[in-house]
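Each remark here refers to the structure printed beneath this line.
Quick note: numbers below take in every heavy atom, side chains included, and nothing from hydrogens, waters or symmetry partners. Order of the sequence lines sets the chain letters (A, B, ...), proteins ahead of strands, with each chain counted from 1. Everything numeric here is computed off the predicted structure, so don't read it as measured data.
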Amino acid sequence: MTSYDLTYHRYSERSILVNWPQQISTEILQDVLRFKSVVENSNIKQILQVNNAYNSILVFYNFTIENIYDEILALKRLYAEKFSVKIRAKKLWHIPVCYDASFGIDLEAMSLELGLNNDQLIEQHSGKIYTVFFLGFLPGFMYLGGLSEQLYYPRKETPRIKVSKGAVAIGGEQTGVYPMESPGGWNIIGNTPIDFFDPKASLPCFVKAGDQIKFEAVTIDRYHHIQEEIDNAQYNLKVEEING
Amino acid sequence: MVEVLKTGVFDSIQDLGRADVQQFGVPYAGVMDQYSAMLANSILGNAPNAAVIESTFQGPSLKFQINTLICVSGANANPKINDQPVKLNMALAVKAGDILSFGKLNYGSRIYTAVFGGFQSEVVMNSRSMFTNVTKVSRLQKGDLIPISNVAIDAKTSHSLVKFHQSHFESDDITVLKGPEFESLAQDLKSELFEIPFTVASTSNRMAYQVDERLPNDLDSMITSLVLPGTIQLTPSGQLIILMRDCQTTGGYPRILQLTEMAINRLAQKNFGSQIRFKLMN
């Protein structure tokens, strides 16, 4: 198990930020999620929640931290002990996406610019397996790693006021799904009928940090059919458990 | 029930917000000024987390359909019951049919109206705080009927004026801690942050406050990381963005300072054009 040089920083009166080296990698993510889980399952009762991003966790306490050195020391000890924890089995979610021009309004322009035809772009995008690093920006918005370098494409200079719910898009070196209608500057290549955020559900997002995503191209007829099944609560999202 | 006869600039129901759902990318939300909202709840004997109505700059008109107790706190916008002026930070008995309304804003910017037992609007993810895409609506509308508790009022509830610190509205001092990227700032910028006054910009809202002043910035952008309400980000164009209660859970701009909880409450009461000064917490 790789050990990283972590830095600890008092973030607010009630939180401590732990930083890993400033790189985006799945190896670092594994260690971030392992330590997050260790902290969550530790006997430090005052810890209210732990959140992660690419290379950091924010440990939130339910009181004002009086002695920051003691709390940091306790976290350092936990990291050094190298506990292995039972983490929830990771899942690979198969997400149907319709890349039809009626949804993928930027697909044509992107293909031209990237020197690909539409089918090649779609194959590149749906042929990869993406890792979910964390959720942020909007409720249920996944920060995904693993976009093919051939599909790197700059964000729009002027963001759109309205991007549709379910829009699948590319911005810079990232790809993602807009879980709800929102302003946004990414280039839209398709749309998924899957709901990524349901505030009323006991589990508001089915996807968790560490899970994987595969986009599967579907026709517009299939898209509408899936939409109908979702509306009637008859659709079963394809999912596999993954090892490791 | 309480009927909303008229809304102000922005009225919403808020409690202390949502903790433990940031992993889903859901903001905290909740009252901007927890100090004033909790004061109102404490005067009524409510739990600190009881839902109140938060109004910005201008108060709503509310008609009470049952006898109850209310308390108005935060900004002073000359509250009135049936057109008779009433005091802030005091339990006020209202009868069925009474109307709470407000006049001109005197000081502060967020007005809190608390009711005995708290407003009983819908609970989503353990909170009644209104927020786009989480609750059904993100603000109150004229004609809304908000359920309230009809439990008999506890006669022992304090009707006295509690000690209230006017410095909450009068002081310009905003206490901060150093943010994770503070040490990367140029030396003169580090000192400038604490030397010059900053002016609250008119683009400020529940998500973030901005200031009119620009700072020279040569910090590199960073890999998206975690932020909290009270985090001050420095953008590549030298803008300071002070995140507030409705902020996103992650951000990619360097985090140079972090407001204390009390500083967030105090800033939430500053009007556009107000001057603030950052003070480092010792």
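Residue A:Asn51 comes nearest to B:Gln23 through the heavy atom pair OD1-N, 3.4 Å, listed as atom of the first residue, atom of the second, then distance. Heavy atoms only, all atoms of each residue included: A:Glu181 and B:Asn133 are closest at O-ND2, 4.3 Å. Taking both residues in full, the closest heavy atoms of B:Met125 and A:Pro199 are given as CG-O, 3.6 Å, listed atom of the first, atom of the second, then distance. Of all the heavy atoms in A:Tyr11 and B:Leu228, the pair that sits closest is CD2-CD1, 3.7 Å. Across every non-hydrogen atom of B:Ser225 and A:Ser56, the tightest pair is OG-OG, 2.9 Å. When all heavy atoms are compared, the tightest approach of A:Gln23 to B:Ile223 is N-CD1, 3.7 Å.
Residues A:Leu203 and B:Phe24 are in side-chain contact: their nearest non-hydrogen atoms beyond the backbone lie under 4.5 Å apart. Counting heavy atoms from C-beta outward, B:Thr224 and A:Phe134 have side chains that approach closer than 4.5 Å.
The most heavy-atom pairs under 4.5 Å with chain B, out of A:Ser15, A:Cys205, A:Ala209, come from A:Cys205. Annotation: maximal heavy-atom pairing with chain B below 4.5 Å, among A:Ala201, A:Gly136, A:Pro139, occurs at A:Pro139. Of the listed residues (A:Asn52, A:Val50, A:Thr7, A:Leu48), the one with the most heavy-atom contacts under 4.5 Å to chain B is A:Asn52.
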Between A:Met180 and B:Thr132, is a side chain to side chain contact (heavy atoms under 4.5 Å, CB included) present by the stated rule, with each step listed? CA-CA 10 Å; A:Met180 54 206 48; B:Thr132 320; over 6 Å; no
Working note: B:Asp20 + A:Phe60, criterion side chain to side chain contact (heavy atoms under 4.5 Å, CB included); need CA distance, chi angles, decisive distance, verdict. CA-CA 9 Å; B:Asp20 211 17; A:Phe60 210 87; over 6 Å; no
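Distance check, rounded to the nearest 0.5 Å: CG of A:Asn55 to CE of B:Met222 gives 9.0 Å. We find the CZ-OG1 distance between A:Phe141 and B:Thr250 to be 9.0 Å, quoted to the nearest 0.5 Å.
Using a 4.5 Å cut-off between heavy atoms, B:Glu122 contacts chain A through its side chain alone, with no backbone atom that close. There is no contact between A:Arg14 and chain B, counting heavy-atom distances below 4.5 Å. Heavy atoms of A:Phe197 lying under 4.5 Å from chain B belong exclusively to its side chain. Neither the backbone nor the side chain of B:Val176 comes within contact range of chain A, judged by heavy atoms closer than 4.5 Å. Proximity to chain B (any heavy atom under 4.5 Å) is restricted, for A:Leu17, to the side chain, taken from C-beta onward. Residue B:Val124 touches chain A through its side chain alone, counting heavy-atom pairs closer than 4.5 Å.
When the shell of 6.0 Å around CZ of A:Phe63 is examined, it contains more than 12 heavy atoms from other residues, nucleotides or ligands. No more than 12 heavy-atom neighbours from other residues, nucleotides or ligands sit within 6.0 angstrom of CG on B:Asn126. Annotation for A:Asn232: atom CG counts as buried by contact number, over 12 foreign heavy atoms lying within 6.0 Å.
In this structure a side-chain-to-backbone donor-acceptor pair under 3.5 Å is present from A:Glu13 to B:Glu261. Without hydrogens or angle criteria, A:His9 side chain to B:Lys178 main chain gives a donor-acceptor distance under 3.5 Å.
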